[in-house]
There are 2 protein chains.
Amino acid sequence: MSRSQTQRRKRIVQTAAALAVRGGVDAMQMRSVAERAGVALGTLYRYFPSKMDLVVAVVTEELDLLEGGIVRRPPTADTAAGRAVDVLLRATLGLMREPELADALVRSLITAEVRIELDTRICDLVWRVATDDLTNLPVGEEVSDAPVDRDSTGYVLIGSLISVWIFELVEVLKGHRDVDEVERRLHITAERLLASF
Amino acid sequence: MSRSQTQRRKRIVQTAAALAVRGGVDAMQMRSVAERAGVALGTLYRYFPSKMDLVVAVVTEELDLLEGGIVRRPPTADTAAGRAVDVLLRATLGLMREPELADALVRSLITAEVRIELDTRICDLVWRVATDDLTNLPVGEEVSDAPVDRDSTGYVLIGSLISVWIFELVEVLKGHRDVDEVERRLHITAERLLASF
DNA sequence: CGGCTTTGTAGAATTCGTTCTATATTCGTC
DNA sequence: GACGAATATAGAACGAATTCTACAAAGCCG
């Protein structure tokens, strides 16, 4: 991909993110994005074959920031459950600063076909936090050096915890739950799920 | 609501369900539903202000059937975890018979504002199964006689298990997971979550 | 009965994702 | 430096949810 293409792509994603921050996914209309990014609608669709792809791209950037924050200040609790909850809670608070984007994240995690790029990434992050293996986590790069056994019982349990977290996130976004309650529930759940870590 | 209105409503939901079974939510177009149910588009929108409301109505009926099946043949495993997994697995298999509707169910659980009508109902059902309290479960009626403490630790844990189940369902629907794998994962998770039951 | 509100009908209009068409531009290659 | 393929552009067109408008039918109530 050429320089100008990378530029264009970045410009599109940034424009989309800006629109999504106010107004959410609905405000992020393909026409507006194309217009404000200074590309033709057809071009936008060349880069992102569907709106969902664009949403995923936006959300992936958001996730980069989150990951960066975690790596900068790793959680210090002395149990795996404590550290995992810490990470998830920080993620929750971070996402709540842009509820519209958070909504997009959640929705894309569930709807999009792109599970390998988001779901797995979150799982791997929490896995590393839980197992206290945060030393070799690159910042902007692929996170794929340590051989994580994604079928192990432990990884399944982390996956379950992530599922629970995402649902709590959904409830918060719907306004049915506050963050304190989420913390309580994540604690209760994580203590059981990660007791053997 | 008058007799003819109840009739109309039922006719709409049945038509919608029929369309959804083949072709899924996409095939369940508001115009088609209105046309085949013999009502005007405006009328359809009077009964169901958005497509999502219609989907939820369809899915709620589906849930009735599921609940009925569970009550007819309650699970017999001798641990709470075993019984819970049994129910969820049966639900999974049942839903897999109409993948398009299952998809609608999952999506509505997450997207729709109607959490109280579906999520809670599933939780209550599993709660009763887990605590072996299936005697007083009416069939087509409200399930609200026994005072379930929805803030108790136990209920939170059931909720977490449901979250995990829904995610597994999503994965199955995406074709990323088979039912055996779901069973394995639910077992692993439920054993931890419900150990203290 | 006669009027009034509610409910229903028919169908046009709007919105937004997505696709299509026709034309222009860019870029690697000879 | 010119040719051809890939890429961009402008904008029309399409499909489906949703909304709007104008009118008809059904109920209710005095």
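Atoms considered below: every heavy atom in the structure, side chains included; atoms not considered: hydrogens, waters and symmetry mates. Chain A is the first sequence line, chain B the second, and so forth, proteins listed ahead of strands; every chain is numbered from 1.
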Practice task
Check the hydrophobic clustering (I, L, V, M, F, W, Y; side-chain heavy atoms under 4.5 Å; chains of links allowed) and say if A:L65 and A:V87 are grouped together.
Solution key: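 A:L65 and A:V87: separate clusters.
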Problem - Side chain B:R8 and base C:dG8 donor-acceptor under 3.5 Å - result: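 Absent.
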Tell me the interatomic distance from [X], atom [atom1], to [N], atom [atom2], rounded to whole angstroms.
{"X": "A:R9", "N": "D:dT7", "atom1": "CZ", "atom2": "P", "value": "15 Å"}
{"X": "B:M1", "N": "C:dT6", "atom1": "CE", "atom2": "P", "value": "16 Å"}
{"X": "B:Q5", "N": "C:dG8", "atom1": "CD", "atom2": "C1'", "value": "10 Å"}
{"X": "B:R31", "N": "C:dG11", "atom1": "CZ", "atom2": "P", "value": "12 Å"}
{"X": "A:D26", "N": "C:dG17", "atom1": "CG", "atom2": "P", "value": "8 Å"}
{"X": "B:L54", "N": "D:dT18", "atom1": "CG", "atom2": "C1'", "value": "14 Å"}
{"X": "B:L44", "N": "D:dT18", "atom1": "CG", "atom2": "P", "value": "10 Å"}
{"X": "B:L19", "N": "D:dA16", "atom1": "CG", "atom2": "P", "value": "13 Å"}

Exercise for the section: Identify whether any heavy atom of B:S50 sits under 4.0 Å from a base atom; if not, whether one sits that close to sugar-phosphate; answer base, sugar-phosphate or nothing. Expected result: sugar-phosphate
Practice task
Under 4.0 Å between any heavy atoms, over every strand shown, what does B:F48 touch: base, sugar-phosphate, or nothing? Just pick one.
Solution key: nothing
Side chain of [X] only, please: which of [options] is the nearest?
{"X": "A:Q29", "options": "D:dA8, C:dT18, C:dC16", "result": "C:dC16"}
{"X": "A:T43", "options": "D:dA16, C:dG8, D:dT9", "result": "D:dT9"}
{"X": "B:M30", "options": "C:dT9, D:dA17, C:dT18", "result": "D:dA17"}
{"X": "B:L41", "options": "D:dT19, D:dA17, C:dG8", "result": "D:dT19"}
{"X": "B:Y45", "options": "C:dT9, D:dT19, D:dA10", "result": "D:dT19"}
{"X": "B:A40", "options": "C:dT9, D:dT18, D:dT9", "result": "C:dT9"}
{"X": "A:R46", "options": "D:dT7, C:dT9, D:dT18", "result": "D:dT7"}
{"X": "B:V39", "options": "C:dT18, C:dT9, D:dA17", "result": "C:dT9"}

Practice task
Share the residues that join B:L93 in a hydrophobic cluster, the rule being Ile, Leu, Val, Met, Phe, Trp or Tyr side chains under 4.5 Å apart at the heavy-atom level.
Solution key: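 B:V179, which link up through side-chain heavy atoms under 4.5 Å apart, make up the rest of the cluster.
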Exercise for the section: Look at the rings of B:W127 and B:F197 and say which category their plane angle falls in: under 30° parallel, 30 to 60° tilted, over 60° perpendicular. Expected result: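 Ring orientation of B:W127 relative to B:F197: perpendicular.
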Practice task
Using only side-chain N and O atoms of B:Y47, determine if any of them is under 4.0 Å from OP1 or OP2 of C:dG8.
Solution key: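 The answer is yes; a side-chain N or O of B:Y47 sits under 4.0 Å from OP1 or OP2.
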Exercise for the section: Could you check A:D64 against A:R121 for salt bridge (charged side-chain N to carboxylate O under 4.0 Å, His left out), going step by step and ending with a plain yes or no? Expected result: CA-CA 10 Å; A:D64 285 338; A:R121 230 175 108 193; 2.4 Å; yes
Practice task
Verify whether one side chain among B:T92 and B:W165 offers a donor that lies under 3.5 Å from an acceptor in the other.
Solution key: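 A donor-acceptor contact under 3.5 Å links the two side chains.
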